[in-house]
Amino acid sequence: MNLALLAGQEELDVLLGEVNASEAALIDEVKVYPARTLREALQHLSGHVPLTPAQAPDFSDDGSVPLDLADLKGQGQARRALEIALAGGHNLLH
């Protein structure tokens, strides 16, 4: 994600692995090209087989799936702070 932020500031495009491309596409100022293989990346860079830019995922919340802290991976300190704030009935905005 940091690479895509920097690319947006420098007005550059980004070539990423397919797994990370949709997340990086959330940054408006940058075009992100997803490559499944090194061969695809090389063909794109050489101009032989251009890749289609990645689309940002749609995060519209229809309320059908409840949010759960168990789904949160990493960010241990941030998660702990959130748990303490929620347990005490506090908000996180100041």
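Source: prediction; values computed, not measured.
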Smallest separation among heavy atoms of Ala24 and Leu16, with atom names: CB-CD1, 3.5 Å
Min side-chain heavy-atom separation Val32-Pro53 under 4.5 Å: no
Value rounded to 0.5 Å, distance of CG in Leu42 from OG1 in Thr37: 8.5 Å
Working for side chain to side chain contact (heavy atoms under 4.5 Å, CB included), residues Leu15 and Leu45: CA-CA 9 Å; Leu15 178 63; Leu45 291 172; 3.9 Å; yes
Distance in Å, Arg79 CZ paired with Gln75 CD, rounded so as to fall on 0.5 Å steps: 11.5 Å
Spatial distance of atom OH (Tyr33) from atom CG (Asp13) [nearest 0.5 Å]: 4.5 Å
Smallest separation among heavy atoms of Ala25 and Ala54, with atom names: CB-O, 3.7 Å
Nearest heavy-atom neighbours spanning Pro50 and Gly47: CD-O, 4.2 Å
Straight-line distance of Ile27 CD1 to Gln9 CD, nearest 0.5 Å: 9.0 Å
Lys31 NZ to Leu51 CG distance, which is reported to the nearest 0.5 Å: 12.5 Å
Minimum heavy-atom distance between Pro34 and Glu40, given as atom pair plus value: O-OE1, 4.3 Å
Within 6.0 Å of CD in Gln55, more than 12 heavy atoms from elsewhere: no
Nearest heavy-atom neighbours spanning Val14 and Ala4: CG2-CA, 4.1 Å
